[in-house]
There are 2 protein chains.
Amino acid sequence: MDQKQAVTAFAALAQSTRLNVVRLLVKAGQEGMAAGALKDAVGASSSNLSFHLKELEHAGLIHSRRQSRSIIYSASFDGLSELIRFLTEDCCQGHPEVCGPFTTGSKFCCPEPENA
Amino acid sequence: MDQKQAVTAFAALAQSTRLNVVRLLVKAGQEGMAAGALKDAVGASSSNLSFHLKELEHAGLIHSRRQSRSIIYSASFDGLSELIRFLTEDCCQGHPEVCGPFTTGSKFCCPEPENA
DNA sequence: TCAATCCTTCAATAATCATTGAATATATAA
DNA sequence: TTATATATTCAATGATTATTGAAGGATTGA
């Protein structure tokens, strides 16, 4: 992931309807949700939601697949993971202990012990 | 953290100079960096950088403290942590195993085993 | 094929954000 | 007190983004 992709991804998350959608899809997991279900859940017009879904997909944060008449959207866990990793890269370089409260147990900052 | 705060925070990260600043400060750790050093590092004008630093501070992603003539900025690890937690809340509810690639070992999605 | 459902595309408008340079504020040193 | 270093504020301009409603594309069932 480079700076430009990351800016695009953060911009995609920087809008209430879209953030709502991503959080719903993160909860939903692999199964995902149909565009219509998302529309009901977030209360947007269908054209507006479609615009936002396209932004999110373009940013690499969600995927879509057709299932009969519906289009099912799901979170891209890879995309989200890369984004967080980019943001927190080399966290507290040389002094990882200060990142503790931020990333205890996480691979994003302080590496986990080998024996984990 | 609520939806509105999260949108503000993501918007703050959705700009190249600001993202650059945050990543530098994440690397710098508690020690932080002076505004002047950030200015040199990111190549912005001082007024422009000041504008961006204010946005980041307002978003709760960085802190500032005065040290003699300089103002030292540092990452808010609490702010970053809350933001990521908000984004990934209830990840894959009911089927946490699918989040594995995303958050293995992290508290953000799949809870760590009790014996960790 | 016809109608219904589900979703997307398009063009126009309204709203928000980034950049610039000049002026200002704060702290230190001579 | 005066000069210097460091950083912020302000107003104006240019650029980007969100929303709306109407029209169009894809899929299914009768």
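Proteins come first, then strands; the chains are lettered A, B, ... in the order of their sequence lines, and each starts at number 1.
Under the 4.5 Å side-chain heavy-atom criterion for Ile, Leu, Val, Met, Phe, Trp and Tyr, A:M1 and B:L19 are members of the same hydrophobic cluster. B:L24 and A:F86 fall within the same hydrophobic cluster, defined by Ile, Leu, Val, Met, Phe, Trp and Tyr side-chain heavy atoms under 4.5 Å apart, directly or through other members.
Here the closest non-hydrogen pair linking B:G79 and B:S76 is N-OG, 2.9 Å. Nearest heavy atom pair, residue B:G32 against residue B:S74, reads CA-CB, 3.9 Å. Between B:L53 and B:A35 the shortest heavy-atom distance is CD1-CB, 4.2 Å. Scanning both residues, B:F77 and A:C92, for their nearest heavy atoms gives CZ-SG, 3.5 Å.
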Next item on the list: Decide side chain to side chain contact (heavy atoms under 4.5 Å, CB included) for A:L13 and B:V7; before the verdict, give the C-alpha distance in whole Å, the side-chain angles of both, and the deciding distance to 0.1 Å.
Entry: CA-CA 7 Å; A:L13 295 170; B:V7 167; over 6 Å; no

Margin query: Evaluate B:T88 against A:L80 for side chain to side chain contact (heavy atoms under 4.5 Å, CB included), listing each step before the verdict.
Written below: CA-CA 9 Å; B:T88 59; A:L80 290 165; 5.7 Å; no

Check: How far apart are the C-alpha atoms of A:V26 and B:L87, what are their side-chain angles, what is the distance that settles it, and do they pass the side chain to side chain contact (heavy atoms under 4.5 Å, CB included) test?
Finding: CA-CA 8 Å; A:V26 164; B:L87 180 63; 5.5 Å; no

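Near DNA chain D, meaning a heavy atom under 4.0 Å away, there are no residues from residues 7-14 of chain B. For residues 55-73 of chain B, proximity to DNA chain C is found at B:R66, B:S68, B:R69, defined as any non-hydrogen atom under 4.0 angstrom from a strand atom. If you check residues 42-54 of chain B against DNA chain C, the residues with a heavy atom closer than 4.0 Å are B:S47, B:N48, B:F51, B:H52, listed by number.
Evaluation of the side-chain contact (heavy atoms from CB on, under 4.5 Å) rule for B:S45 yields B:S47, B:N48 as partners, not counting sequence neighbours. Every residue meeting the side-chain contact (heavy atoms from CB on, under 4.5 Å) condition with B:S46, not counting sequence neighbours, appears here in chain and number order: B:K39.
Of the possible polar contacts, one joining the A:Q5 side chain to the A:D2 backbone as a donor-acceptor pair under 3.5 Å is found.
Residues B:L25 and B:L56 form no side-chain contact, since every pair of their non-hydrogen atoms from C-beta on lies 4.5 Å or further apart.
Chain A approaches DNA chain D within less than 4.0 angstrom (heavy atoms of the protein), and the contacting nucleotides run 5' to 3' from D:dA18 to D:dT28. Here chain A contacts DNA chain C (any atom closer than 4.0 Å to a heavy atom, that is under 4.0 Å), and the contacts span C:dT5 to C:dT9 from 5' to 3'.
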Indicate every side-chain donor-acceptor pair of residues 58-71 of chain A with a distance under 3.5 Å to a residue at least two apart or in another chain.
from  : atom 1 : to    : atom 2 : distance (Å)
A:S64 : OG     : A:E57 : OE2    : 2.8
A:R65 : NH2    : A:E31 : O      : 3.0
A:R66 : NH1    : A:S68 : O      : 3.2

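Residue pairs satisfying the side chain to side chain donor-acceptor pair (under 3.5 Å) criterion with at least one member in residues 7-27 of chain B, sequence neighbours excluded, are listed as follows: A:Q3-B:S16, A:E89-B:R23, B:R18-B:H52.
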